[in-house]
Amino acid sequence: AGRRRGAKLSKAELPVVNRGYSNRLSRHTMSRQRAGFTLLELLLGIAIALMILLIAIPNIWGFFSSRALEQEYEEFDRFVQRASRRALDERRDFVLVWEKEGITLMPDQPKIEDQDSELDQFQFREGMEIVIERPAALMEAPPMEWPFWRSGICESVIVHYKSPTGTWTAQYDPRTCRGTMLESSQ
């Protein structure tokens, strides 16, 4: 109202005219700059992924190792169960005999027909060692033999197993010939 025509306005008095150019330009420029990841972000993401992987690998390896150790125990236990069943089925005594290459299931009193039959064996693999303790044995240093009687029972033993996969110790019940794992480690 009190201005004269043609007088210059100060910057503070200039009307703000926004035609949208500056906003569109800055949004366009920003979106083009942020279209991908920076090298730093990529390296950080890779480093985090590697750390997670390094944490997970021992757990995954431990799972597979423990499963392999369980399978080795189950394989030995099946062999022991076959010895027990055979003694019961054939109504005669059998013995598991430790030899250099493995454990052999043999009749305690061989018969003539046993000469033609194939012996059941548990083969030792490389680095495998199986030792038994016979706490009920009457001798001070009993032989590495484990008897299974025709009645379906066996001598109580503690089996110590060692292989590249790990170790386990199991105690076998004389009434059932079933093992109970006492400890295992990888």
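A heavy-atom distance below 4.5 Å is found between the side chains of Asp77 and Tyr172. Considering only heavy atoms from C-beta on, Met139 stays 4.5 Å or farther from Arg134 through its side chain.
Separation of atoms CZ (Arg86) and CD (Gln81) is listed at 15.0 Å; rounding is to 0.5 Å. Summarising the geometry, atom CD1 belonging to Ile130 is positioned 13.0 Å from atom NZ belonging to Lys162; distances are rounded to the nearest 0.5 Å. To the nearest 0.5 angstrom, Ile153 atom CD1 is 10.0 Å from Arg175 atom CZ. To the nearest 0.5 Å, the span separating OG1 on Thr169 from CD on Glu183 amounts to 4.0 Å. Rounding to the nearest 0.5 Å places CD1 of Ile132 at 8.0 Å from CD1 of Ile103. Here the straight-line distance linking atom CZ of Arg92 with atom CG of Asp108 works out to 9.5 Å at 0.5 Å rounding.
At least one donor-acceptor pair closer than 3.5 Å links the side chain of Ser163 to the backbone N or O of Thr165. A donor-acceptor pair under 3.5 Å is formed between the side chain of Tyr73 and the backbone N or O of Gly179.
In the hydrophobic clustering of ILVMFWY residues, with side-chain heavy atoms under 4.5 Å counting as a link, Val95 and Leu105 come out apart. Both Trp98 and Phe94 are assigned to one and the same hydrophobic cluster, defined by single-linkage of ILVMFWY side chains at heavy-atom distances under 4.5 Å. Linking Ile, Leu, Val, Met, Phe, Trp and Tyr whenever their side-chain heavy atoms come within less than 4.5 Å puts Leu96 and Met128 in one cluster.
Nearest heavy-atom pair, Phe124 versus Glu99, reported as atom, atom and distance to 0.1 Å: CE1-O, 3.6 Å. Between Ser84 and Gly152, the closest heavy-atom pair is OG-O, 3.7 Å. In terms of heavy atoms, Met181 sits closest to Trp168 at SD-CB, 3.4 Å. Counting all heavy atoms, side chain and backbone alike, Met144 lies closest to Val131 at CE-CA, 3.7 Å. Scanning both residues, Glu41 and Gly36, for their nearest heavy atoms gives OE1-O, 4.5 Å. Of all heavy-atom pairs spanning Ser184 and Leu69, the tightest one is CB-CD2, 4.1 Å.
A salt bridge links Glu75 to Arg125: one of the charged nitrogens lies within less than 4.0 Å of a carboxylate oxygen.
Residues passing the ring pair (Phe, Tyr, Trp, His ring centres under 6.0 Å) test with Phe122 are Phe76, Phe79, sequence neighbours excluded. Listed by chain and residue number, Trp146 satisfy the ring pair (Phe, Tyr, Trp, His ring centres under 6.0 Å) test with Phe148 (two or more places apart in sequence, or in another chain).
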